[in-house]
Each structure stands twice: as C-alpha cells, then as structure tokens.
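Heads up: the structure comes next, in structure tokens.
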Number of protein chains: 2
Amino acid sequence: MSTTRGARARAREEVTAAIKDEARRQLAAEGAAKLSLRAVARELGMVSSALYRYFPSRDDLLTALIIDAYDSIGEAAERADAALLKKGDGVAPVRRWVAVGEAVRAWALAHPHEYALIYGSPVPGYTAPMTTVPAASRVGLLFIGIVRDAHQGRGVAEPPLSVELRPEAERLAAELAPDLPPAVVAALVAAWAQLFGLIGFELFGQFNRVVEDRAAFFSHAATQLAHGVGLVLPRA
Amino acid sequence: MSTTRGARARAREEVTAAIKDEARRQLAAEGAAKLSLRAVARELGMVSSALYRYFPSRDDLLTALIIDAYDSIGEAAERADAALLKKGDGVAPVRRWVAVGEAVRAWALAHPHEYALIYGSPVPGYTAPMTTVPAASRVGLLFIGIVRDAHQGRGVAEPPLSVELRPEAERLAAELAPDLPPAVVAALVAAWAQLFGLIGFELFGQFNRVVEDRAAFFSHAATQLAHGVGLVLPRA
DNA sequence: TCTCAAGCGAGAGCACTGCTCTCGAAAACG
DNA sequence: CGTTTTCGAGAGCAGTGCTCTCGCTTGAGA
C-alpha cells in the first residue's frame, strides 16, 4: 500500500518529519517566537522556499507542532494512568487523578515551550483550527474516564451545585458525560481548568519567590481538586 | 518641582506616554507578536531610530506595557472590592472574593492581549525583571487581605492540610501572611492560581465548544474556590 | 549672557524575517 | 517514450529590530 505508493510519497513524509523535528528543536531551545522557517531550512541544508512545499506558512508549521504537542502530553497522561492501573486493580480514583495531574505537570516542566504553545496564549492572529480538537481533548477525556470509573464504583460524592449553574451543568453533562450527575461534570470541568492553572502559574513564573516546594504543592492542590470533584479518599 | 525641572523632561514624559499609548493600541488590536516598533514610530510621525531614545529595545517597551497592565488589572480588582465595601459594612468575605474574581475576569475579557502578556506565556527571551514584581502582586495581595479580614471576623474554616505540605505551608504563611494559619495560606495560594486557570482557559479558547454560560460557570467556580480557602457562606 | 555639552530626530544601513515567483531538473504516470 | 506533476534553487519584495553617524536644538554652567 503505502510502500508501493511510491518513493515520492515516502520521501515527502520523511522530509516533513525532519522539518517538524528541527522545528521542535528550535521551539524547545528558543520558544515559539524565535522559530524561524529560514533557520529550519538552513539547518536542514535546503533553501527556505523549498520548505513551503511542505508547509504553506509558518502558522501551519506551528499548527502541526501544536497537534503533536497535544498528542504528546495526552499520551504521557494516558501512560501514567495505565501504569498505575497495571500495578493493582483496586486503585483509588483519587490516586489516578493525582497521578495523571502529576504526569501532565512533569510533561509541562520537560517541554515548557511546547506547553506554552498549547496552553499559553495563542500566538499571532491565529485561531486553532478544528483539526487540533481531537488531540487537545485527550487529557480532558482521561479525567472524565477516571471520574466515570469512580462513579460506577460508587466512589463519588456529589459536589454542591448552585441553582444558577444548574442549566449549564446539565448541558455540560449531556454533552460530555451523560452518565454522570451534572454537579459532578461541572465540578470536573472547573477542576480541569484549575489544574492547568496551577501548572501555568508554576511554569510561567508566577510562583517565583512564592512557592518553593512546587511538587508537594501541586500534589496537594491536585488532591484537593479531586476531592472537589467528589472523588473520595480510600478508606484507610 | 517637576514643572521647574524643565520643558525637556516634560516633553520626554509626554513622548514616552504617547509611545506607550500607541503601543498599547497596537497590542490590543493585533497582539504582542505583531507589535512593531517601526509601526509605532510611523504612527507617531517619527522615525524608528528616534524611538530608541525612549526605549532601549522592543522588550523594554513590552516590559513597560506589562507593568502598566499589572497595575491596570490590580486597580480594577481593588476598585471592585472597594465598591462592594462601600455599599454596606457587613459584606461577607465570600462575596468580596467572588466580586474581585469577576472583576479580574472582566478585565481579562476586555483586554485579552494585555492579559495574555502578563498571565500567558512569557514572550521572547523573557525573564520578567524585578521591577514588575510590585505591580504583579496587587491582585494576590488583595485576595490575602480579604481572607485576613475574614479571619479576623472569625469567618474562616481551616482547610485540610497534608503532612507533606505542612513545611511549605508554614513557609508560605511566614512569608505572605504570618497572621493566618498555614493551611489557609496554602489553600489561598492554590485558589489564586486556580482562579487564573479558569480565566486563562476561557480566554485562550480551551472552553470553546465546552462551556457556554461562562459567566455563571466562573462565578460558581470562584465561589467554590472561596469555600476551599475556608471562607464560609453568610448565615442565611 | 554666552558657550558648550547633552539630548534628540533623521537617515542610511545591516542582518534577519515570512513569503512569492520563476525556472530547470527529476521523477511518476499514461 | 513523452507528458505532466513535483520539487529544490535562486532572486526578489516588503517588512522587522537595531546601530551608527550626522546635524539641529536646547538647557545648564561659566
């Protein structure tokens, strides 16, 4: 199939991958603002105009990197959860929640510029195209899955829900997890955003000269967030 | 004083202010990435090199805008709190907390690019200079003040605190608010970061196709955050 | 009051960017 | 085999941040 489809197509994929790799290298080294198409081309031994055969613009290259980053952080999160599940079958959902949060944080610390690309401020004029949606959803879906498992195991205490938010909570639940109580889904979405708020503040320097033991701080806060969603502690 | 110090110095301040104003206009219109020194100079009817008499580099202009933005959002938050306090003297701290949160969110929605500048990903080679610290602290200090007032009024229920976080919590309390219990201070710092996480997710598009009634969602989440810090509901 | 250094704007110029267009070679297809 | 598509190279355009030099203006000290 894809091998018979010609050396042409295969070469194209290879060059495309090489461009992305080099771009990712520059991204990690200097940040998105200093990512230069010409520098990428130069490093690859080709001329800048040749690069436009593969990516119609700098923003399209960025978009490709964004999707890859979403997939990378999503996979890191999923692996952390899977590794925990493999250890034993009685894993408390709280532990899974915190482990996934810590995995996300670890990925962010290891790839700060890529994290900034996807969870920081959107770059130029640029609105993320629909193609990024599936990759971007992976971490969120993982959290939903954990809460769902907890709910099926009767491990969820329903969080409070104000009357003002009830309609929105029901809409959220219908769209994201119809099998979960609206109050849980609303709390889940909020906790999801808040978790990334903690990571963003740490990564973007807001915790400088404030929080010192950031790992402990994050784990504690993530645990509290899990409680807020209704995930209860394992019976000690 | 400053008037006798010469028309020279006054002209300098005026030009500096004009540059910042025009830069802020471009920032609001197109974002930090498209802020161009040359375009600012062009709009002001001067040549680009003249601008370097006032700001030694583009990054220095950005830094000035960052400080102004921090001051602006801090002032917006403080005004919201003051306005609430003026209405009556028995204002529940929870209400103040939520009002300040909503003011911060409103400012962010009104100045998305400036918000991205200060709470989004740091721009080029970054490392915010020390000079930004006081302005950057205003919102945080305001939250601390609210919790402190609540504590003096016996309106704080101490949040849970894991043994792992106790040392860090005590350090935080000693540094930020020695008169408050470490558990409260730790929860406060976490809630502070989480609140901006909610705003960032809304502003940077993470809530697109997810949360619809964002105002209600934010108010609810902010209220929950206040409870997490220990601010209790007013006795109904 | 006069003088001279400091402050300032204009202009040219450097190295760099994203992007477009054209041209010739090479590969793929009929 | 010929034709069409694909690709890289090169030149070029408009724009960027930033530096340097050159004169004009202005304000402060002798």
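Below, read A as the first sequence line, B as the second, and so on, with proteins coming before strands; counting in each chain starts at 1. Just so you know, these numbers use all the heavy atoms, side chains as well, and skip hydrogens, waters and symmetry mates.
- Within 4.0 Å of A/Y54, counting heavy atoms only, lie sugar-phosphate atoms of the nucleic acid but no base atom.
- Here A/E43 pairs with nothing under the salt bridge (charged side-chain N to carboxylate O under 4.0 Å, His left out) rule; sequence neighbours left out.
- Residues passing the ring-ring contact (aromatic ring centres under 6.0 Å, His included) test with A/F217 are A/F207, sequence neighbours excluded.
- We find that CD of B/E13 is positioned 15 Å from P of C/dG7, with the value rounded to whole Å.
- Rounded to whole Å, the distance from CD on A/E14 to C1' on D/dC7 is 15 Å.
- As rounded to whole Å, 13 Å separates atom P of C/dC8 from atom CZ of B/F55.
- Among residues two or more places apart in sequence or in another chain, the side chain to side chain contact (heavy atoms under 4.5 Å, CB included) test is passed with A/A226 by A/V94, A/W97, A/L231.
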Which atoms of nucleotides 15-20 of chain D (N or O only) lie under 3.5 Å from a protein N or O atom, and what are those distances?
{"from": "D/dT16", "atom 1": "OP1", "to": "B/S36", "atom 2": "OG", "distance (Å)": "2.9"}
{"from": "D/dT16", "atom 1": "OP2", "to": "B/R42", "atom 2": "NH2", "distance (Å)": "2.6"}
{"from": "D/dG17", "atom 1": "OP1", "to": "B/L37", "atom 2": "N", "distance (Å)": "2.7"}
{"from": "D/dG17", "atom 1": "OP2", "to": "B/L37", "atom 2": "N", "distance (Å)": "3.1"}
{"from": "D/dG17", "atom 1": "OP2", "to": "B/R38", "atom 2": "N", "distance (Å)": "3.1"}
{"from": "D/dG17", "atom 1": "N7", "to": "B/R38", "atom 2": "NH1", "distance (Å)": "2.4"}
{"from": "D/dG17", "atom 1": "O6", "to": "B/R38", "atom 2": "NH1", "distance (Å)": "2.9"}
{"from": "D/dC18", "atom 1": "OP2", "to": "B/Y52", "atom 2": "OH", "distance (Å)": "3.2"}
{"from": "D/dC18", "atom 1": "OP2", "to": "B/R58", "atom 2": "N", "distance (Å)": "2.7"}
{"from": "D/dC18", "atom 1": "N4", "to": "B/R38", "atom 2": "NH1", "distance (Å)": "3.3"}

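- Between the side chains of B/E164 and A/S219, no donor N or O sits under 3.5 Å from an acceptor N or O.
- Applying the ring-ring contact (aromatic ring centres under 6.0 Å, His included) test to A/Y115 and every residue at least two apart in sequence or in another chain returns A/Y119.
- For the side chain to side chain donor-acceptor pair (under 3.5 Å) test, residues two or more places apart in sequence or in another chain that qualify with B/R148 are B/D179.
- Here the P atom of nucleotide C/dA27 and the CZ atom of A/R10 are 14 Å apart, to the nearest Å.
- A close approach under 4.0 Å does not occur between any side-chain nitrogen or oxygen of B/R12 and OP1 or OP2 of C/dG7.
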